Every structure is written in C-alpha cells, then in structure tokens.
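To keep things clear, I will list the structure first and then write my remarks on it.
Just so it is clear, the structure is predicted and the values come from calculations on it, not from any experiment. Chain identifiers are assigned alphabetically (A, B, ...) following the order of the sequence lines, protein sequences preceding nucleic acid strands; residue numbering begins at 1 within each chain.
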2 protein chains.
Amino acid sequence: MKILIVDDEKDILEFLSYNLEKEGYQVSTALNGMLALDIAKKIKPDLIILDVMMPEMDGISTCSELRKIPETQNSLILFLTARSEEYSELAGFNAGADDYVTKPIKPKLLISRIKALLKRNKNNESSSSIKIEDIEIDKERHVLMYRGEEIHLARKEFNLLYYLMSIPGKVFTREEIISEVWNDAYVGDRTIDVHVRKIREKTGSNYIKTIKGVGYKFDI
Amino acid sequence: MKILIVDDEKDILEFLSYNLEKEGYQVSTALNGMLALDIAKKIKPDLIILDVMMPEMDGISTCSELRKIPETQNSLILFLTARSEEYSELAGFNAGADDYVTKPIKPKLLISRIKALLKRNKNNESSSSIKIEDIEIDKERHVLMYRGEEIHLARKEFNLLYYLMSIPGKVFTREEIISEVWNDAYVGDRTIDVHVRKIREKTGSNYIKTIKGVGYKFDI
DNA sequence: ATATATATTAATGAATTGTTAAATTTATAG
DNA sequence: CTATAAATTTAACAATTCATTAATATATAT
C-alpha cells in the first residue's frame, strides 16, 4: 500500500515515515504541494497525507489539484490540521478530503485511522473480474479461467496479465509495465519476457502479442 | 429500515431526519440517552446514530446501555463525534460502536457510511450457517460438520475458517485476516499459518488454498 | 545480411509459507 | 483459588515456490 506524505517540516516527514514504514506501508514524501503533484503522478499513491498549513501551496489547494489529475482521482486524502483550524474542515471536505487527523499526531491513532480508511475504501471497489471471450481473469479469486479450466498464475504473472487485459488491444510499453507491475523496480531487460513466456506456456496459447520495438498487448 | 437518531440539538435531529427520510429510511429521534433507551425498546431500530457529546448521559454510556438490552443487542451503532474528541474513538469502539462519523456532518458521506454498515451487517447476519458441498460451518452451534462428522475447532480456528468461508473463492490477504479475525492485534507472521495448518489437519483435507504472496482462500 | 529486439532455458537466490515443538496465555474443573 | 487442560502464539528451521538473471538461440525490420 503506497502512501505519500506532504508536509513542509522535515521532522514530521521523518517521524511519520518511520511510523508508517514500520507498519509495512510504502512511504514517499514531499516538502511542498508542487513536489507532491509530481511524485503522485509517478507513484500513484493509495493514500495521501496532507498538511493543511504549508507555505506557498496549502493543503487544500494541493488537494484540489490532486483531485484533478487522473492518477490520484481515487486516492484517499487525509488532512493533518492544527487543533485550532476548525474552519479548514469544511473547506477540506469540499476540496475532496476523506478524513482528518489533528496535531499533535499520535501514531497509533493515525495508523488506526488509516487502516479504517483503506478498509472502507476497499468495500467500495468495483468488480475485479475481466472477461474477454473464453478468458476471464478474476482478481478477487486470483484465478484465471481459460476455456473452463482454472489456471494458476504466480503473483507477478497474474498482475502482468491483469494489467494487459485491463485495456485489451492497447499496447503497453515496457516502461509502463515496469512502472505498474514492478513498481518501478530495477529489473533486467529479460524479466518481462520470461513472465510473458510463462503465461503463454500455462495457457498454451498466445493472446499476448509482441509488438516489436514497442511492447506487448493482449488481443484475441 | 428503521433508524434512531439521538442528539441533544434539535437542529441536527431535523437536518439528519430530513436527509435520511429522503433516502427512504424510517427515522425516529430522541433528545437524550434516557429517551433513546425507551424508544429503542419499542421500535427496535436497525441502526442507532448517537451523538457522543450530550449532557447527562453521553453517547458512550448510552451505547453501553443499549448493548445491554435485548432489543438493541444486535443493532448497529454509529457515533457522531466532534473532530477534537479523539479519546472518544477508542472508548466508543470499546462500548460497542460499529462506526463513527465526525462533525460537521456531510449528508452524502453519512449516507454512504450507513449503507456500507447495513450491507456489511446483512452479509454477516443473513445465515449463521454456511454450507459448501460436504462442509458446513455453523456459527450458532459453533460447530463444523465435515462429511457427516462433527469436528471441534478452537475459537480462532473457527473464526478463521468462518471468515474464509464467508466468501468462498475470494482470496483474503493476511492483512484482511488479521484485521477481521485478530482485530488488528499485533501477531507474528506465522500465527495465521499455524491456524491454517490446524484446520487442514483436523479436517484431513485442504480446502484452504494458499495463494503465495497474496493470501488464503476457501475453495473446493 | 546484419543489427537489434525478443524468446527460451536453466540455474540461482530471494521471498514466502509449512512444520514442529516449546513458551505463554487463557479457560475450566475441582 | 489453584491445578490442569486447552488454546494461542512464538521461534527456529525446513520446504517450497517464485522472481530474476545470464547465457544463448531465434525472430524481425531495414
């Protein structure tokens, strides 16, 4: 689960990073709203923690901007506010915030609030199954049905195929695939190929087409 | 669906009544905790919305009392809290609350939260017994029937299997499992495995499938 | 034909889960 | 209340699966 923290105080960034990473979250940080927008576009965080009080671009403006870009349209946004800034609540919710936590921050409380938010959000997620002709990939069940047979795919194989099937026919570049499926990890050139091969092998077919010099696409 | 709203401010009662009735709920109101108990006994509401801050008998005490009378033992209870009353969250959940919404109240948010609560509840309540082929798990009797034989499962084992069987085929992540079965307790990495193993051992079969890197699921 | 991109294969090492026994906590009977 | 049993959790280590790479082969565009 990816979290982006935005605050102009380095101390707070470190404090929160430490506590959230300890919980197993993948944490990124930004010192101001502008940076936050750039980073958010790249990493597509599931949750963004925004300080309301920041110089230049405050949390509320940042929130509004974040809601405009597709990468964070559906991210959860949690505000950090000083106890006195009650006014900000209305403005914040209008700008699209999902929850608030007041300073001083108590890590345990923050974490329980984050968990509650993520949990709540999960319940609203739409159907996770994609079906194209006789192929159906079901994220909830983590199963690939092919001509009535259940085929087991390992995690990366599954995520890769799911990503390709999310927009059938679209060619995904290697960069796009590495960004989405590998979270921008540094992996060798052949890694994708090997995974594609495994999928082709397991399904005994070739719905994943190679577009030489461009990338891969799922197509019947 | 019957909802009881408890708040000492008439304005809020009216505001909420208006918004909830518009959604088709059958709304009753009470101006304090004592009244709430009386009314609740009569109408047996499915959901009770409780303001935490009330003179005389506050929301948390009212909640505790409501949990004691049979008419509302299984009702859903949702708290309204001011942003600053952080303490109430912990105390509220201990008193038996199911969810909370912070003021100022956004009707859209409140309604979506109510719907989520009712939905969640329906799934849990519909039948306390889940039967899949020759396996039947009965929450009321706290018993697992497998091929006509009664198998004793310890409490955690039972809860875990029940959770997995609640949506057969769905992969539950370790996070989800810890959140639901262990109430977010900090338990070691191997705890779930050991419980899974015990269940597999006792049933002498493997209906609990491991999806490596993802989680576990119940599947025939 | 040649350069470049992709496919294949097998080996390695990392990550995750399984197993067992012992330690700890909780429940139960006397 | 205490002794005992049962349940739960932890820790250590084994087993397994998966991801990645490297080496090499093959395919494709120009």
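Over its full length, the helix from dA1(C)-dT30(D) to dG30(C)-dC1(D) turns its helical axis through 40°, comparing axes from the five pairs at each end and rounding to 10°.
Ring pair Tyr207(B)/Phe218(B) is tilted by interplanar angle, where 30° to 60° counts as tilted. Between Trp182(A) and His195(A), the angle of the ring planes goes over 60°, which puts this pair in the perpendicular group of the 30/60° scheme.
Side-chain proximity of Arg200(B) to the nucleotides dT9(D), dG18(C), dT6(C) is greatest for dG18(C). Considering only side-chain atoms of Arg155(B), the nucleotide from dT8(D), dT8(C), dA19(D) that sits closest is dT8(D). Nearest nucleotide to the side chain of Lys212(B), out of dT4(C), dT9(D), dA15(C): dA15(C).
With DNA chain D read from its 5' end, the first of the two nearest nucleotides for His195(A) and Gly188(B) is the one closest to Gly188(B).
At least one side-chain nitrogen or oxygen of Thr210(B) sits closer than 4.0 Å to the OP1 or OP2 atom of dG18(C). At dA7(C), one or more side-chain N or O atoms of Tyr216(A) fall inside 4.0 Å of OP1 or OP2 (strictly under the cut-off). Dashed line: the shortest gap from a side-chain N or O of Trp182(A) to OP1 or OP2 of dA19(D) is not under 4.0 Å.
What separates CZ of Arg190(A) from C1' of dA10(C) is a distance of 16 Å, to the nearest Å. For the pair His152(B) NE2 and dA7(D) C1', the interatomic distance rounds to 8 Å; values are reported in whole Å. One atom, CD1 of Ile211(B), and another, C1' of dG18(C), lie 15 Å apart when rounded to the nearest Å. Taking atom CZ of residue Arg174(A) and atom C1' of nucleotide dT6(C), one finds them 7 Å apart after rounding to whole Å. Separating the CZ atom of Arg197(A) from the C1' atom of dT9(C) is a distance of 7 Å, rounded to the nearest angstrom. For the pair Ile178(B) CD1 and dT10(D) C1', the interatomic distance rounds to 14 Å; values are reported in whole Å. For the pair Asp189(A) CG and dT20(D) P, the computed distance is 13 Å after rounding to whole Å. Rounding to whole angstrom units, CD1 of residue Ile192(A) and C1' of dA19(D) are separated by 13 Å.
Not a single donor-acceptor contact under 3.5 angstrom links the side-chain atoms of Lys156(B) to the base of dT8(D).
Classification of Arg141(A) and Asp219(B) as a salt-bridged pair holds, one side-chain N sitting under 4.0 Å from a carboxylate O. Between Arg197(A) and Glu201(A) there is a salt bridge, since a side-chain N of the basic residue sits under 4.0 Å from a carboxylate O of the acidic one. Using a 4.0 Å cut-off between charged nitrogen and carboxylate oxygen, Lys170(A) and Glu176(A) count as a salt-bridge pair.
Although no hydrogens or angles enter the test, the distance criterion places a donor-acceptor pair under 3.5 Å between the side chain of Lys209(B) and the main chain of Asn206(B). Between the Thr72(B) side chain and the Leu66(B) main chain, a donor and an acceptor come within less than 3.5 Å of each other.
The residue Val196(B) sits apart from the nucleic acid: no heavy atom pair falls under 4.0 Å.
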